2 protein chains.
Amino acid sequence: MASQTKAMQKKISVVDSDETQKTVPLLADTAGFATNEDGTCPIREVLDRVGDTWSLLVILNLQQGTVRFNALRRLIEGISQRMLTVTLRSLERDGLVLRIVRPTSPPEVEYSLTPLGMSLAKPIDGLGQWAVDNRHMMREERARFDAQQ
Amino acid sequence: MASQTKAMQKKISVVDSDETQKTVPLLADTAGFATNEDGTCPIREVLDRVGDTWSLLVILNLQQGTVRFNALRRLIEGISQRMLTVTLRSLERDGLVLRIVRPTSPPEVEYSLTPLGMSLAKPIDGLGQWAVDNRHMMREERARFDAQQ
DNA sequence: CAGAATCCGCACAGATACTG
DNA sequence: CAGTATCTGTGCGGATTCTG
């Protein structure tokens with residue numbers, strides 16, 4: 001996911017000259033967290049961190065408990081060794097994943113969710129549940145759209 | 001967001017030779033929607049569609065009701081004309097956004113969420129709420145991580 | 001076993017110009 | 001106003017090789 005552009009950091013001015021102002025009130029009043037004072041957007045701030053290809057899948061799979069590196073690699077079919085490393089390091093950096101190294105030979109490295117990571121897993125589960133419930137409908141809609149144009 | 005690789009379409013085999021099998025049971029048993037029969041992943045399926053830079057922000061801003069193209073463009077500071085068009089078309093294709101063209105001059109095009117889109121807005125709000133509640137902690141954790149290494 | 005390092009392709013997204 | 005069309009660059013992520 002792309003990082004924020006400089007333009008996104010600017011303050012926004014929603015005051016409109018025409019009647020759209022009436023039907024489109026200030027964003028913060030309705031959405032609540034689509035934007036905030038300093039011009040950043042909490043949703044984007046989170047998605048810039050866990051919205052990449054693999055982060056959510058890693059978090060989801062760590063919900064089961066503690067998993068070692070290669071076990072995790074097998075769980076998440078299709079992830080490369082490099083991307084698992086990069087993703088885990090990023091999640092660890094944000095305090096979402098705990099990394100424990102056991103200095104044995106061969107080395108054992110265990111990964112698990114921190115309390116913060118566990119709390120994030122909940123809203124992610126909400127998305128996942130929506131996905132399960134509605135993916136068929138999305139496929140149908142898409143097929144219809146593609147058919148008629 | 002990258003599309004799924006061929007490897008991700010394969011069936012997974014979680015049966016392990018060592019003791020990790022005990023601590024890492026079958027994914028479907030615990031996560032429920034991290035993977036499914038045909039090898040696809042509902043979460044990834046949804047994220048591949050709305051996980052890009054702008055889709056969630058568009059959905060969030062359309063929660064307020066019906067918004068015209070340029071009004072939406074002003075609401076989502078930093079989005080280019082092209083990306084708003086592309087994003088809206090993609091959401092419309094998936095049945096999440098409704099596009100209504102009023103054949104006046106100059107043309108008026110209104111965008112709103114479909115029922116499907118509104119239902120998706122709920123779990124997204126869950127993520128947004130988490131973002132508001134925890135972004136400061138994430139920043140602190142990140143600062144700590146960067147400081148000590 | 002759990003990685004680090006390097007190389008590289010390509011898709012995503014920005015900028016710009018033009019139009020019904 | 002609400003788009004299209006084209007060109008371009010950047011960074012994400014895959015593949016491969018090497019190590020403690």
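For clarity, every value in this text was computed on a predicted model and none was experimentally measured. Here is how names work: the chains are called A, B, and so on, in the same order as the sequence lines, proteins then strands, and each is numbered from 1.
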Without placing hydrogens or testing angles, list every side-chain donor-acceptor pair under 3.5 Å for residues 112-123 of chain B, not counting sequence neighbours.
{"from": "B/T114", "atom 1": "OG1", "to": "B/G95", "atom 2": "O", "distance (Å)": "2.6"}
{"from": "B/T114", "atom 1": "OG1", "to": "B/L96", "atom 2": "O", "distance (Å)": "3.2"}
{"from": "B/T114", "atom 1": "OG1", "to": "B/L116", "atom 2": "N", "distance (Å)": "3.4"}
{"from": "B/T114", "atom 1": "OG1", "to": "B/G117", "atom 2": "N", "distance (Å)": "3.1"}
{"from": "B/S119", "atom 1": "OG", "to": "A/W130", "atom 2": "NE1", "distance (Å)": "2.9"}
{"from": "B/S119", "atom 1": "OG", "to": "B/L116", "atom 2": "O", "distance (Å)": "2.6"}

To the nearest 0.5 Å, tell me how far A/L84 CG sits from A/R89 CZ.
9.5 Å
Give a yes or no on whether A/R144 atom CZ has more than 12 heavy-atom contacts from other residues, nucleotides or ligands under 6.0 Å away.
no
Between the OH atom in A/Y111 and the CG atom in A/L91, the distance rounded to the nearest 0.5 Å is 10.5 Å
Nearest whole angstrom, please: distance from the C1' of D/dG13 to the CD1 of A/I76.
15 Å
Residues in contact with DNA chain C, drawn from residues 101-114 of chain A - heavy-atom cutoff 4.0 Å:
A/P106, A/P107, A/V109, A/Y111
If an axis is fit to five pairs at each end of the helix from C/dC1-D/dG20 to C/dG20-D/dC1, what is the angle between the two, to the nearest 10°?
50°
Give a yes or no answer on whether the side chain of A/T87 reaches the backbone of A/M83 with a donor-acceptor pair at less than 3.5 Å.
yes
Between P on D/dG13 and CZ on A/R73, what's the gap in Å once rounded to a whole number?
16 Å
Are B/Q129 and B/D133 linked by a side-chain donor-acceptor pair shorter than 3.5 Å?
yes
Identify, with sequence neighbours excluded, every residue that meets salt bridge (charged side-chain N to carboxylate O under 4.0 Å, His left out) alongside B/R49.
B/D94
Atom CG of A/D48 and atom P of C/dC12: how far apart are they, to the nearest Å?
17 Å
Residues of residues 80-97 of chain A with any non-hydrogen atom less than 4.0 angstrom from an atom of DNA chain C: list those, numerically ordered, please.
A/Q81, A/R82, A/T85, A/R89
Closest to the side chain of B/R68, out of D/dG14, D/dC1, C/dC1, is D/dC1
What is the distance, to the nearest angstrom, from the CD1 atom on B/I79 to the P atom on D/dA2?
14 Å
Rounded to the nearest 0.5 Å, what separation is found between the CG atom of A/L47 and the CG atom of A/D52?
10.0 Å
Can you sort out the partners of B/R93 under salt bridge (charged side-chain N to carboxylate O under 4.0 Å, His left out), two or more places apart, ordered by chain and number?
A/D146
B/F69 CZ to C/dT19 P, in whole Å, measures 18 Å
Answer with yes or no whether the side chains of A/D125 and A/Q63 bring together a donor and an acceptor at under 3.5 Å.
yes
Starting at atom CD of B/E77, determine the distance to atom P of C/dG14, rounded to an integer number of angstrom.
13 Å
Using 4.0 Å as the upper bound for N to carboxylate O, is an ion pair formed by A/E110 and A/R99?
no
Atom CZ of A/R74 and atom P of C/dA2 are separated, to the nearest Å, by 8 Å
Under 4.0 angstrom between B/R99 side-chain N/O and D/dG3 OP1 or OP2:
yes
